[in-house]
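Proteins come first, then strands; the chains are lettered A, B, ... in the order of their sequence lines, and each starts at number 1. What you see is a predicted model, and the numbers here were worked out from it, not measured in a lab.
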Amino acid sequence: MTLRVYDTRSRSKRVFKPLVEGQVGIYACGITPYSPSHIGHARQAIAFDIIVRWLRKSGFKVNYISNFTDIDDKIISVSLEEGVNFLEVANRNIDDYFTVMDALNVLRADAYPRVTETIPEIIEMIQDLIDKKHAYEAEDGVYFEIDTAPEKYGQLTGQTLDMVRKGAGGRVDNTGSGKRDHRDFALWKLAKEGEPNWESPWGNGRPGWHIECSAMSLKHLGEKFDIHGGGSDLVFPHHEAEIFQSECCLGHDPVVQYWLHNGMINIDGEKMSKSVGNFWTVSDALEKIEPLVLRYALINAPYRQPVDFNSVMIDDSISHHGRLLSSYSEALYYSEGIRNDYSGIEHLDEATRRIRAGMDDDFNTRIALVEIQSVVKSLTSLIDSDENDTHLMSAYVQWLEEFAGEVLGILPTPSVAISLHEEKISRRSEISSKVESLLEMRESARASKNWPESDRIRDELTEMGVVVEDSPDGTKWRIS
RNA sequence: GCACGGAUGGCAGAGCAGCUAUGCAAGGGAUUGCAGAUCCCUGGACCCGGGUGCAAAUCCCGGUCCGUGCUCCA
């Protein structure tokens, strides 16, 4: 079994081979905490959560790092508006991040470095770049000089220096006052009046946007590491800039072996943005959708594809996830918490083979969900068959926990699932006698072909949340 | 304008050269007073034009449309 991943730099799927056998270092760009997390952040977090889960499942020892850019222009502007310290803004939104990502069952990374805790390393790296003549000091900060490494340009985007020069057009004059060339980018920005700042050899200021990730990945993962990830909107300029910084500083290339980028989220076919007014924070979404259903929805397309967030896909996710949850919790209940090895059960073996092949093919969660749906379908008919084969059921339980739970993270814990089912059962016993007597009345109405009365009683039961099902061997009912 | 990605049945979304994707929806049947649930069955797609293959949704070339990025913006 071979894992293949799509590498943005080579623009193709490549067989995954880590630098050190059996170990994987992975760095994924996290958020700039200037506002509460939105569902695009959730998608990024979930995508890399699942990538890490699958790497671990495949036997790799994984070191997963995800950062917070806790100082930046937008954070400063929010802090000025509110008249509070910038760290208060950042910490508040980082708290929000952890709260919602925990709810979405995103496992914690091994470390969450922050820019403000990496200042010495950042300064050291900038100094190194200056010493190596790749960066220069200007009146408003320190800049990386693109022309010192033109061969590195466009590794991720395919653009050349000339293209960008043309594309930038009239904006050249508006960016960065001290730059020698408009394509140069800031490594250190000198502080203006009232801005947060740190001491440096070039004056008090703060790091530019890109250098932090080079410094933090170096600090936590070393001079070369396996996977660097993030949203596809970061490909340019952020990740291109990182290549310049890291490779020029360390003197070798490539520093990053595989570049992985997740796709963006559209709302009803349009880009999600604050200006369009179709902006969903995760908290907004969680008011309407169960967290695990949202997670399900966000992995319904492979991580590189754009996801269109619309009511149809949400409704689909609600019903599909609901089916998974109720069959799982019911099977768990009947099998009394026992787990059974599923190997040897043909259908489950086949599903296992396909789900593995799908996940090994650039983490295709869509394929995985298809297999899970198919397993759920046969489990549901097993439960409905009245055979009460708890041995077989417990094998299904184990399979679902392994793939829907451990790998995709879309199952609640067994105790939560059990209590969901028990709630149903207790609700059932609560209203049982009333329902039974109504059903008897309805039965006699039906016997005398009094259909209006029969339907009236059925409506009454519907109001109570009871679904009536007539069948050849009598009338059954269940909680909707 | 330039770069990168995408275009598959009513919708969502696999497919990476030969073999049913799948789910939802639709139609037919079984069951039913009706409805629901369940089971069985069915139809239906590969943006356009060329090219290379015994064979192309799948590879190549050209076009059209869509998305994203083009310097601090998720």
Side-chain angles (χ1 to χ4, degrees), chain A residues 4 6 8 11-13 29-32 34-35 37-44 69 72-74 144 146 154 156-160 162-169 171-172 174-176 179 181-186 189 208-210 230-238 240-241 261-266 269-274 279 297 300-302 304-308 310 312-313 315-317 319-320 323 354 358 361-362 364 366-374 376-377 380-381 384-385 445-446 449-452 454-455 458-459 462 467-473 476-478 480:
Chain A
R4 294 161 73 237
Y6 185 91
T8 306
R11 272 170 233 119
S12 62
K13 284 181 192 166
C29 285
I31 61 161
T32 300
Y34 71 95
S35 64
S37 295
H38 59 237
I39 56 178
H41 295 138
R43 190 185 191 199
Q44 186 273 336
T69 303
D72 116 302
D73 290 347
K74 287 205 220 65
F144 187 95
I146 292 279
L156 300 180
T157 54
Q159 301 188 101
T160 65
D162 284 344
M163 287 170 181
V164 175
R165 183 175 283 137
K166 277 183 194 160
R171 278 165 292 171
V172 174
N174 306 331
T175 53
K179 294 181 186 182
D181 186 300
H182 78 276
R183 299 155 306 174
D184 294 349
F185 53 87
K189 302 165 82 159
W209 178 29
H210 315 299
S232 62
D233 55 338
L234 297 180
V235 172
F236 189 95
H238 186 55
E240 292 261 10
H261 293 100
N262 64 276
M264 300 288 100
I265 288 194
N266 294 329
E270 258 188 301
K271 183 187 174 176
M272 179 169 84
S273 76
K274 283 181 177 167
F279 197 81
N300 200 208
R304 287 192 294 127
Q305 296 298 114
V307 162
D308 192 52
N310 59 56
V312 173
M313 76 87 95
D315 289 346
D316 272 8
S317 301
S319 76
H320 290 152
R323 224 174 295 169
R354 288 189 196 176
D361 186 9
D362 200 32
N364 192 326
R366 173 66 200 185
I367 299 260
L369 289 181
V370 166
E371 290 310 316
I372 285 167
Q373 281 169 32
S374 131
V376 164
K377 192 173 178 179
T380 305
S381 62
D384 289 345
S385 69
R446 292 180 76 207
K449 297 200 193 299
N450 185 353
W451 309 127
S454 157
D455 289 346
R458 187 168 63 197
D459 288 345
T462 304
V467 179
V468 177
E469 288 171 358
D470 297 326
S471 78
D473 20 285
K476 291 179 183 168
W477 65 281
R478 61 184 171 84
S480 63

Measuring only between side-chain heavy atoms, which start at C-beta, is P306(A) closer than 4.5 Å to M264(A)?
no

Between the base of G23(B) and the side chain of S319(A), is there a donor-acceptor distance below 3.5 Å?
no

Write down the distance between CG (D184(A)) and C1' (C72(B)), rounded to a whole number of angstrom.
14 Å

Does any nucleotide pair with A17(B) by Watson-Crick or G-U wobble geometry, both distances under 3.5 Å, and what is it?
none

Expected output: side-chain T380(A) to main-chain V376(A) donor-acceptor under 3.5 Å
yes

Send over the distance from Q373(A) CD to A12(B) C1', rounded to a whole Å.
11 Å

Does A241(A) reach a base, just sugar-phosphate, or nothing at all? Heavy atoms under 4.0 Å.
nothing

I want to verify a distance call: between A21(B), C16(B), C72(B), whose nearest atom is closest to the A186(A) side chain?
C72(B)

C54(B) to C46(B) separation - C1' atoms, rounded to the nearest Å:
22 Å

Could you tell me whether the side chain of D470(A) has a donor or acceptor atom within less than 3.5 Å of a complementary atom in the base of G36(B)?
no

If you only use heavy atoms from C-beta on, which nucleotide in G13(B), U22(B), G33(B) is closest to the side chain of A301(A)?
G13(B)

Using purine N1 to pyrimidine N3 plus N6-O4 or O6-N4 for Watson-Crick, or N1-O2 and O6-N3 for G-U wobble, both under 3.5 Å, which nucleotide pairs with G27(B)?
C41(B)

Nearest-angstrom distance, P atom, U20(B) to G44(B)
15 Å

So does D361(A) pair up with R4(A), basic N to acidic O under 4.0 Å?
yes

Is G53(B) paired to anything, Watson-Crick or G-U wobble with both distances less than 3.5 Å, and if yes, which nucleotide?
none

Applying the Watson-Crick and G-U wobble criteria at under 3.5 Å, what pairs with G67(B)? Answer none if nothing qualifies.
C4(B)

So does R458(A) reach the base of A35(B) with its side chain, donor to acceptor, closer than 3.5 Å?
yes

Should the pair D470(A)-K476(A) be classified as a salt bridge under the 4.0 Å nitrogen-to-oxygen rule?
no

Using Watson-Crick or G-U wobble geometry with both distances below 3.5 Å, tell me the partner of G62(B), or none.
C48(B)

Assign V235(A) to base, sugar-phosphate, or nothing according to its heavy-atom contacts below 4.0 angstrom with the strands shown.
nothing

Counting any heavy atom closer than 4.0 Å, what does M313(A) reach on the DNA or RNA strands: base, sugar-phosphate only, or nothing?
nothing

Counting only side-chain N and O atoms of R366(A), is one of them less than 4.0 Å from OP1 or OP2 of A12(B)?
no

Closest approach to the side chain of D455(A), judged atom by atom: which nucleotide of U22(B), C34(B), G5(B) is it?
C34(B)

Approximate separation, where rounding is to 0.5 Å, of E240(A) CD and H210(A) NE2
10.5 Å

Determine the Euclidean distance between corresponding P atoms of G28(B) and C34(B); express it in Å to zero decimal places.
15 Å

Would you say G15(B) has OP1 or OP2 under 4.0 Å from some side-chain N or O of N364(A)?
yes

So, does the side chain of R11(A) form a donor-acceptor pair with the base of C4(B) at under 3.5 Å?
no

C1' spacing across the pair G43(B) / A25(B), given as an integer number of angstrom
13 Å

Integer-rounded Å distance: C11(B) C1' and N300(A) CG:
12 Å

Tell me whether the OP1 or OP2 atom of G23(B) has a side-chain N or O from K377(A) closer than 4.0 Å.
yes

Syn if the chi torsion is within 90° of 0, anti otherwise; quick check, which is G53(B)?
syn

